[in-house]
Structure formats: structure tokens, C-alpha cells
Amino acid sequence: MDSVPIVCLSGQVPTHLIGTDAFQEADTTGISRPCTKHNYLVKNADKLCEIIHKSFEIASSGRPGPVLIDLPKDIQLSKIQYLNKITKIKKHNLNFSNIDKETIKKVATLLLKAERPIIYAGGGVVNSGPKASKLLTELVNILDCPVTLTLMGLGCVPNTNKNFLGMLGMHGTYEANLAMHNCDVMLNVGARFDDRVTGRLNAFAPNSKKVHIDVDKSSINKVVSVDYGIVG
């Protein structure tokens, strides 16, 4: 599902009363900060259109995520003229043109020489669009290796594919988890090494070389240390 900004119409107190512990005041941006990609507190009605446009850009670019817009009561009641997005706002997408080709070659060689490779894919492939799913399926067929998917990644490789082992993790299949545990090379594409998948980290695919491809740089080596990390 595409991520879109969440607009909070919570009956927030007027702007001039924010921070005074007024009746029914809630620190909406503070409360929501841990579970949003970004959030805004609108204090000037003239900036509302700009903030709305920016919110959609942030929510849909890079790694998708919710953006919360908190509207104080006086902003909700203000009359403003709608302004179209005239200039394209600088998107938060990363520049992937500088991916090290030597690293790609090393990863390709690693996969081709592996005796027990496995591809582990997640929601990042789905979010990247149909072309990404098509390319991943082609890679699975070329390598003729097992592939397992997270819950969010289901569908990016057809479940009719002969190499598909089912979902991974505590709610996954025995075959997928056994193949992951015994693999010698793991290619993670667009998944975040969730604890429902890894279980005990010191026993997760302990004898494997690990490759992690993700759009979010902070996700690489965050939970599981990998041999090759590629931001893309």
C-alpha cells in the first residue's frame, strides 16, 4: 500500500496556547515522532499548502513512511488561497548512480560460486514497483536458487515459482528457515532483518556470507552485520 501523509485534525488548541498545558492540549508531534517518518506542526496558515506538498514528497520518496501534519484549531479555521506546487520540491531520493560496480561484481561472483545460496526479499522490492519484482524473479531463475520472502514481500516472486520456499521466520515454513540457516551466501533485497525472521542473532545463518541491498542506508548493519552493503 502506498504511504500517504496522515493529517491530524485532533482539535489542537490555538497556536498561541501551545506549550501552556491548555485544556485538551496534546503534544501530538512529540507523541507521534517515534512512529512517523516526519511530522509538522503548522503555526502559519500561509505555509499550509507548502507543507502539504512537502509531506507527500517525503512520504512517497526513498523508503516510504507516514508523515503527520498537526493542525492547531486556529489554523483549521483559517481561510487561505490554495497554492499549486509550482516548482518541484527536492526529493529525498538517494543518488544511486555512484554504486560501486566492483562491489556488484564481487557480489555476483560470490553468488555464482556459492554452493547453498539463498535470496531473501522483502517489502522494499514491492515498493520499488513491478519492474523490481520482474528483475528479482529473473535473477532467481538465472541462479536457480531458493528464494524466501517476508510477509511484506509476498508476491514479488510468484508462489508458483519452483524455487519459492514460502515465507521466512517464526510464521514461515520449515523449508525456508532450514535453507536460510544452512546457506553459505545470503542475498537480502529490501528486507530489514526483522526479529520475527532472525530469532537469536548469533544463530541466524551463522556460516554465511551476507549481502544487504536496501534504499535506507541506516538499515544496513543495523541489526545484522553484513559482508557487502549496497544502498539502492
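Remember, predicted model here, so these are calculated numbers, not experimental data. Positions are given from 1 along the sequence.
Between Tyr120 and Val189 the shortest side-chain heavy-atom distance does not fall below 4.5 Å. Contact of the Lys37 side chain with the Ile58 side chain is registered, since non-hydrogen atoms from C-beta on lie closer than 4.5 Å. You'll find the side chain of Thr28 reaches within 4.5 Å of the side chain of Leu68, heavy atoms only. A heavy-atom distance below 4.5 Å is found between the side chains of Leu71 and Leu48. At least one side-chain heavy atom of Asn39 sits less than 4.5 Å from a side-chain heavy atom of Arg33. Put simply, the side chain of Val42 does not reach to within 4.5 Å of the side chain of Asp70, judged on heavy atoms. Two residues are said to be in side-chain contact when any heavy atoms from C-beta on lie closer than 4.5 Å; Ile230 and Thr103 meet this criterion. Residues Leu110 and Tyr228 have side chains in contact (heavy-atom distance under 4.5 Å, counting atoms from C-beta outward).
Salt bridge absent: Lys47 and Glu50 never bring a charged side-chain N and a carboxylate O closer than 4.0 Å. Of the charged side-chain nitrogens involved, at least one lies within less than 4.0 Å of a carboxylate oxygen, so that Glu138 and Lys134 count as a salt-bridged pair.
Leu178 and Phe204 are assigned to two separate hydrophobic clusters, defined by single-linkage of ILVMFWY side chains at heavy-atom distances under 4.5 Å. Residue Val126 is not grouped with residue Met152 when hydrophobic side chains (ILVMFWY) are merged at heavy-atom distances under 4.5 angstrom, including chains of intermediate members. No single ILVMFWY cluster, assembled from side-chain heavy atoms under 4.5 Å apart, contains both Val215 and Leu135. Under the 4.5 Å side-chain heavy-atom criterion for grouping Ile, Leu, Val, Met, Phe, Trp and Tyr, Leu139 is connected to Val157 within one hydrophobic cluster. Hydrophobic clustering of Ile, Leu, Val, Met, Phe, Trp and Tyr side chains at less than 4.5 Å, counting indirect connections, unites Val223 with Ile118.
Here the rule is side-chain contact (heavy atoms from CB on, under 4.5 Å) with Met167, and of Leu154, Val197, Thr148, Leu149 only Leu154 fits it.
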Next item on the list: Check the pair Gln76 / Asp74 against side chain to side chain contact (heavy atoms under 4.5 Å, CB included), numbers first and verdict last.
Entry: CA-CA 5 Å; Gln76 294 180 38; Asp74 55 321; over 6 Å; no
Next item on the list: Show your reasoning for whether side chain to side chain contact (heavy atoms under 4.5 Å, CB included) applies to Leu112 and Leu143.
Entry: CA-CA 7 Å; Leu112 290 171; Leu143 293 174; 4.0 Å; yes
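Applying the side-chain hydrogen bond (donor to acceptor under 3.5 Å, both in side chains) rule to pairs touching residues 170-181 yields nothing, sequence neighbours excluded. Among residues at least two apart or in separate chains, side-chain hydrogen bond (donor to acceptor under 3.5 Å, both in side chains) pairs with a member in residues 185-197 are Arg192-Asp194.
Take Lys131 and apply the salt bridge (Lys or Arg N to Asp or Glu O under 4.0 Å) test, not counting sequence neighbours, and it matches no residue. Applying the ring-ring contact (aromatic ring centres under 6.0 Å, His included) test to Tyr40 and every residue at least two apart in sequence or in another chain returns His38. For Asp227, there are no side-chain hydrogen bond (donor to acceptor under 3.5 Å, both in side chains) partners, not counting sequence neighbours. Not counting sequence neighbours, Phe164 has no partner by the ring-ring contact (aromatic ring centres under 6.0 Å, His included) test.
Here the closest heavy-atom approach between residue Pro117 and residue Pro146 is recorded as O-CD, 3.3 Å. For Gly122 against Thr150, the heavy-atom pair with the smallest separation is CA-OG1, 3.3 Å. For the residue pair Ser55 and Ile69, the shortest heavy atom distance occurs at OG-CD1, 3.4 Å. For the residue pair Ile213 and Gly232, the shortest heavy atom distance occurs at CG2-O, 4.2 Å. In this structure, Pro206 and Ala203 approach most closely via the heavy-atom pair CD-O, 3.6 Å. Pairing each heavy atom of Leu83 with each of Cys49, the nearest pair is N-SG, 3.4 Å.
With rounding to the nearest 0.5 Å, the separation of NZ in Lys209 from CG in Leu187 is 15.0 Å. In this structure, CE in Met180 is found 10.5 Å from CD1 in Ile119, a value given to the nearest 0.5 Å. Residue Asp184 holds its CG atom at 6.0 Å from CD of Glu115, rounded to the nearest 0.5 Å. Atom CG of Asn182 is separated from atom OG of Ser208 by 10.5 Å, given to the nearest 0.5 angstrom. A distance of 13.0 Å separates CZ in Phe193 from NZ in Lys222, rounded to the nearest 0.5 Å.
In this structure a side-chain-to-backbone donor-acceptor pair under 3.5 Å is present from Asn141 to Thr137. Remark: the backbone N or O of Ile220 is not paired with any side-chain donor or acceptor of Asp214 at under 3.5 angstrom. At least one donor-acceptor pair closer than 3.5 Å links the side chain of Asn221 to the backbone N or O of Val226. In this structure a side-chain-to-backbone donor-acceptor pair under 3.5 Å is missing from Lys210 to Gly229. The main-chain N or O of Val147 is never found under 3.5 Å from a side-chain atom of Asn163 such that the two would form a donor-acceptor pair.
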